[in-house]
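Residue numbers count from 1 along this sequence. Because only heavy atoms are used, hydrogens play no part in the values below, and waters and symmetry mates are left out as well, while side chains stay in.
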Amino acid sequence: MDVREAVTSRRAVRGFTDRHVPREVLERVLSTATWAPSASNIQPWHAYLLTGEPLTELKKRAGERLASGDAWDEPEYQQYPPVLKSPYHERRSAFGEERYGSLGIARGNLEARQRAASANWQCFGAPAALFCYIDRDMGPAQWADVGMYLQTVMLLLRGEGLHSCTQMAWAKFHRSVAQTLSPPQELILFCGMSIGFEDVTVTHPRTGRAPLAETVTFVDCV
């Protein structure tokens with residue numbers, strides 16, 4: 001698979017089979033991903049890869065919290081600005097309409113939306129999951145570095161015939177994740193990432209992208 005195909009075929013898959021992902025494949029992906037760029041090569045990411053019983057236990061713990069109505073953990077970072085201005089607000093709204101509309105869930109049916117969202121904390125059935133942390137002392141540039149690392153991981157997974165889904169939803173259960181992983185106190189959980197083979201029986205609407213003219217300005221190009 002060439003780079004263009006990896007980029008265009010990558011998407012947030014929300015339905016995986018339980019087919020085993022070989023450890024050697026995961027090690028190959030994560031070893032290669034260490035070449036992701038970062039300012040001054042400080043490599044600010046801290047990744048944990050869960051499979052097997054540890055992941056099963058985490059899913060169980062998260063499921064029990066949801067069933068009991070336990071509140072989400074206190075956020076450790078702001079996912080979106082308090083007021084999401086145009087055009088970002090419209091793009092986010094369009095995504096929600098498309099995502100839940102494909103599941104037959106009406107806009108006002110918050111209970112059904114919450115049930116659908118709860119699949120996040122089961123990793124959508126994936127047999128492997130990556131949890132990415134960053135040091136609390138790091139600034140916006142280093143968070144950008146972490147994003148480039150995660151994108152590199154996702155593209156390498158496509159090269160192995162695997163799919164993924166990054167999930168900031170796991171940051172809402174960061175205490176539960178910490179109970180499994182015991183990360184150092186100085187780290188913040190940025191996101192989880194479900195990893196596995198796609199369940200092709202599950203519908204995955206492909207979210208569109210803004211026209212190039214909305215996001216790119218060409219200056220003195222011929």
Side-chain angles (χ1 to χ4, degrees), residues 1-34 36 45 47-60 62-63 66 91-92 94-105 112-132 146-173 177 180 189-210:
M1 183 180 296
D2 65 20
V3 176
R4 183 188 298 272
E5 185 180 356
V7 170
T8 56
S9 66
R10 187 218 62 80
R11 66 188 190 282
V13 165
R14 295 181 174 87
F16 296 87
T17 71
D18 60 2
R19 179 180 169 188
H20 174 68
V21 180
R23 182 186 176 104
E24 58 268 24
V25 172
L26 296 170
E27 287 185 349
R28 183 163 58 243
V29 165
L30 296 176
S31 293
T32 308
T34 61
W45 46 82
Y48 294 76
L49 199 291
L50 264 66
T51 59
E53 186 57 34
L55 181 57
T56 298
E57 183 59 32
L58 176 57
K59 291 177 181 180
K60 178 182 177 183
L66 286 168
R91 291 174 187 167
R92 186 185 181 198
F95 165 76
E97 289 293 324
E98 188 172 277
R99 161 74 177 140
Y100 295 110
S102 70
L103 299 173
I105 299 173
R113 286 192 172 207
Q114 289 172 348
R115 283 199 305 270
S118 68
N120 270 286
W121 296 291
Q122 296 303 307
C123 296
F124 303 107
L130 180 146
F131 293 89
C132 189
V146 169
M148 289 190 285
Y149 169 75
L150 292 169
Q151 173 76 336
T152 301
V153 170
M154 289 186 284
L155 295 181
L156 289 166
L157 289 169
R158 287 302 301 124
E160 299 283 354
L162 295 162
H163 274 284
S164 61
C165 181
T166 49
Q167 303 159 269
M168 285 187 283
W170 276 109
K172 303 179 189 302
F173 277 11
V177 179
T180 298
L189 176 61
F190 173 42
C191 70
M193 180 192 295
S194 297
I195 297 170
F197 293 95
E198 180 184 10
D199 181 351
V200 297
T201 68
V202 178
T203 300
H204 299 291
R206 187 70 191 271
T207 306
R209 295 295 186 265

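Once rounded to the nearest 0.5 Å, the distance linking CD1 of Ile195 with CD of Glu160 reads 11.5 Å. Expressed to the nearest 0.5 Å, how far SG of Cys132 lies from CE of Met193 amounts to 7.5 Å. One finds the CE atom of Met1 at 11.5 Å from the CG atom of Leu156 (value rounded to the nearest 0.5 Å). With rounding to the nearest 0.5 Å, the separation of CG in Leu155 from CD in Glu5 is 11.5 Å.
Under a cut-off of 6.0 angstrom, the local environment of CZ in Arg4 is sparse, with at most 12 non-hydrogen atoms contributed by other residues, nucleotides or ligands.
Across every non-hydrogen atom of Phe124 and Val13, the tightest pair is CD1-O, 4.3 Å. Scanning both residues, Ala33 and Thr152, for their nearest heavy atoms gives CA-CG2, 3.9 Å. Counting all heavy atoms, side chain and backbone alike, Leu26 lies closest to Ala128 at CD1-CB, 4.4 Å. Met154 and Ser164 get closest at one heavy-atom pair: CG-OG, 3.3 Å. Listed here is the closest heavy atom pair of Arg10 and Arg209: NH2-NH2, 3.8 Å. Considering all non-hydrogen atoms of both residues, Val21 and Gly196 come closest at CG2-CA, 3.9 Å.
Phe190 has its side chain within reach of Val146: a pair of non-hydrogen atoms, C-beta onward, lies under 4.5 Å apart. The shortest distance between side-chain heavy atoms of Leu66 and Ser118 falls below 4.5 Å.
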Worksheet item: Passes side-chain contact (heavy atoms from CB on, under 4.5 Å), Arg11 versus Glu198? Steps please.
Response: CA-CA 11 Å; Arg11 66 188 190 282; Glu198 180 184 10; 2.5 Å; yes
Worksheet entry | side-chain contact (heavy atoms from CB on, under 4.5 Å) between Leu130 and Leu30, intermediate numbers included | CA-CA 10 Å; Leu130 180 146; Leu30 296 176; 3.7 Å; yes
Practice prompt. Evaluate the criterion side-chain contact (heavy atoms from CB on, under 4.5 Å) for residue pair Cys123 and Phe16; output intermediate values, then yes/no.
Written response: CA-CA 8 Å; Cys123 296; Phe16 296 87; over 6 Å; no
Practice prompt. Carefully, step by step, assess Arg14 and Val202 under the rule side-chain contact (heavy atoms from CB on, under 4.5 Å).
Written response: CA-CA 8 Å; Arg14 295 181 174 87; Val202 178; 5.9 Å; no
Worksheet item: Between Arg28 and Glu24, is a salt bridge (Lys or Arg N to Asp or Glu O under 4.0 Å) present by the stated rule, with each step listed?
Response: CA-CA 6 Å; Arg28 183 163 58 243; Glu24 58 268 24; over 6 Å; no
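For the residue pair Gln167 and Ser194, a side-chain donor N or O sits within less than 3.5 Å of a side-chain acceptor on the partner.
In this structure, Tyr149 and Trp45 have parallel ring planes: the angle between them is below the 30° cut-off, well short of the 60° mark. In this pair, Phe173 and Trp121 present their aromatic rings parallel. The plane angle is below 30°, not in the 30 to 60° band.
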Only distances under 3.5 Å count here; give the side-chain donor-acceptor pairs of residues 47-56 to other protein atoms, sequence neighbours excluded, each with its distance to 0.1 Å.
{"from": "Thr56", "atom 1": "OG1", "to": "Gly52", "atom 2": "O", "distance (Å)": "3.1"}

